[in-house]
Number of protein chains: 2
Amino acid sequence: MTASTGETRGEKKERTRRSILDSALVLCEDSSLVALSLRQVAKEVGIVPTAFYRHFDSIEDLGLALVDESFVSLRAMLRAIRRSDGTVPTFTEIVDRSVVTLEEHVHRHRGHFRFIARERAAGPPAVKARIHHEIQLCERELATDIARLPGTDHWSAEDLHVLSGLIVTAMVATAEAIVDAGGRPEAEKRVSDVARTQLRMVLIGALSWKSEP
Amino acid sequence: MTASTGETRGEKKERTRRSILDSALVLCEDSSLVALSLRQVAKEVGIVPTAFYRHFDSIEDLGLALVDESFVSLRAMLRAIRRSDGTVPTFTEIVDRSVVTLEEHVHRHRGHFRFIARERAAGPPAVKARIHHEIQLCERELATDIARLPGTDHWSAEDLHVLSGLIVTAMVATAEAIVDAGGRPEAEKRVSDVARTQLRMVLIGALSWKSEP
DNA sequence: AGTTTCGGTGTACGCATGTTCACTCAAAGC
DNA sequence: GCTTTGAGTGAACATGCGTACACCGAAACT
């Protein structure tokens, strides 16, 4: 359209698709997917409304793609936290590294985190379900990670999952709070300090936890 | 309109207002306030669209009223939990009573809890701010309650608030999960069992917590 | 009894929405 | 070189939206 550069057809389509995803993420920033119109997106992207259908069946379909995309970056974050470099870390180290990593990634992918936080509660049913499912996957992965830590040998699978659920809940809330901090450093620091303390409290509780036989 | 019974003007207005609030709560059940139109509400209530303005300035204004209403019932719940009858309860007793009370109230005010869970993340800015403020009030009240428990004498005000923030976060998540359980008893039981365990973990951690001097 | 107040009505407006359909026109495939 | 494919176009539609305005009629006030 703009440039006559050698650009394969598939590449151009992919560019438009990206543009739609990005514009949608920005446009529903203050409201929700359920209040986002196909025409708004099309106008922002610079295509005619009907061209939207070449890429997505509906706004809901677009939403599912955004969920997938968001969780790709989230998974990258979790992998980064998990890379513990062989050295057996103290709990404090785990906590500090986790919170710092979270803070960093929320900062880099603010749009995605905002999107997930919103649509988790307010999105179309299919979108909500997908998000819920992905979060459950995170809980499961965290549970297996915790099981590898020393001192959790006598834990039941049930208790492991309960604990990881609690931690994930706290981390989700922390991510929301960091997003709400809006980039102001002092507000973000307060949030991450609180998160660190909360995680330590939970882990201290977990260490003295005894599974019922 | 329907009945020619002796009904004062103010009473009738109040009835219509209630009807608007109730209808709005139902209509935005699957979507959000930001996707709710004045005309939908008017049609559901059985009045003409312009009559809406006799009661609220806008949908956002309606939303604020719904927030207030929701937190009235929430406050009632918290008061019920707090009524600890003089006898010094064990932590287990506190936990069990709290979760049971929460479960009961979510069941009774499902609509309100759903509304808060959604609009907290997706509502119009003013609505989000009001909800955020009300939740902070809950955290503060919980903090002063915790301060009255034995074993927390050496805690700093900061740590108290961090702990109550964690507990409130967990309880909000629990409330959402109960709502999502959709009334199926076995699902609800699973959720409340998890919540009980999580609260115990947190409290055990809190008991062995030492404030930094 | 006369007047005011005020929920609720009905019409009308300009604008945005999702979706349809027939189309262009350049890259891709033969 | 000719044909096919398919992303993007542009006009048209029925419907829904928020809001403005003049109006009604019964309760409330004087």
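Just so it is clear: chains get the letters A, B, ... in the order the sequence lines come, proteins before strands, and each one is counted from 1.
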Next item on the list: Test B:Glu176 against every option in B:Arg118, B:Arg110, B:Arg120 by the salt bridge (Lys or Arg N to Asp or Glu O under 4.0 Å) rule and name the one that passes.
Entry: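 Single pass found, and it is B:Arg120.
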Next item on the list: Might you work through the side chain to side chain contact (heavy atoms under 4.5 Å, CB included) test for B:Ile146 and B:Ile167, ending with a clear yes or no?
Entry: CA-CA 11 Å; B:Ile146 295 175; B:Ile167 294 176; 4.0 Å; yes
Taking the side chain of [X] as its heavy atoms from C-beta onward, which of [options] lies nearest to it?
X       : options               : result
A:Leu38 : C:dG8, C:dT19, D:dG8  : C:dT19
A:Ile47 : D:dT19, C:dT19, D:dT9 : D:dT9
B:Arg54 : C:dG7, D:dG8, D:dC17  : C:dG7
B:Arg9  : D:dT5, D:dG25, D:dA7  : D:dG25
A:Thr16 : C:dG8, C:dA12, D:dG8  : D:dG8
A:Pro49 : D:dA28, C:dG7, C:dT19 : C:dT19

Item checked: Pairwise side-chain contact, B:Leu160 with B:Leu142, heavy-atom cut-off 4.5 Å (strictly under) ->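 No, side chains not in contact.
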I need the [atom1]-[atom2] distance between [X] and [N], as an integer number of Å.
X       : N      : atom1 : atom2 : result
B:Glu14 : C:dC6  : CD    : P     : 16 Å
A:Asp61 : C:dT19 : CG    : P     : 12 Å
A:Arg17 : D:dG8  : CZ    : P     : 12 Å
A:Leu36 : D:dC17 : CG    : C1'   : 17 Å
B:Glu7  : D:dA26 : CD    : P     : 15 Å
A:Glu60 : C:dT19 : CD    : P     : 12 Å
B:Lys12 : D:dA28 : NZ    : P     : 12 Å
B:Glu11 : D:dA26 : CD    : C1'   : 15 Å

Next item on the list: Locate the shortest heavy-atom distance separating A:Thr101 from A:Ala80; write the atom from each residue and the value.
Entry: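 Minimum heavy-atom separation between A:Thr101 and A:Ala80: CG2-CB, 4.3 Å.
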Margin query: Quick check: on DNA chain D, is the nucleotide nearest A:His55 upstream (toward 5') of the one nearest B:Arg39, or the reverse? Name the residue that is more 5'.
Written below: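 Result: A:His55.
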Margin query: Need to verify one output field. Residue with the more 5' nearest nucleotide on DNA chain C, A:Lys43 or A:Tyr53?
Written below: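 It is A:Lys43 whose nearest nucleotide is closer to the 5' end.
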For [N], take OP1 and OP2 only and decide whether either is under 4.0 Å from a side-chain N or O of [X].
X       : N      : value
A:Gln40 : C:dT17 : yes
A:Thr8  : C:dA27 : no
B:Ser37 : D:dG16 : no

Notebook entry, point to check: Does B:Thr50 make a side-chain donor-acceptor contact with the base of C:dG10, cut-off 3.5 Å?
Noted result: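 Result: at least one qualifying N/O pair found.
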Check: Where do A:Arg97 and A:Glu93 land on the salt bridge (charged side-chain N to carboxylate O under 4.0 Å, His left out) test, with the steps shown first?
Finding: CA-CA 6 Å; A:Arg97 189 148 34 100; A:Glu93 282 170 357; 5.9 Å; no
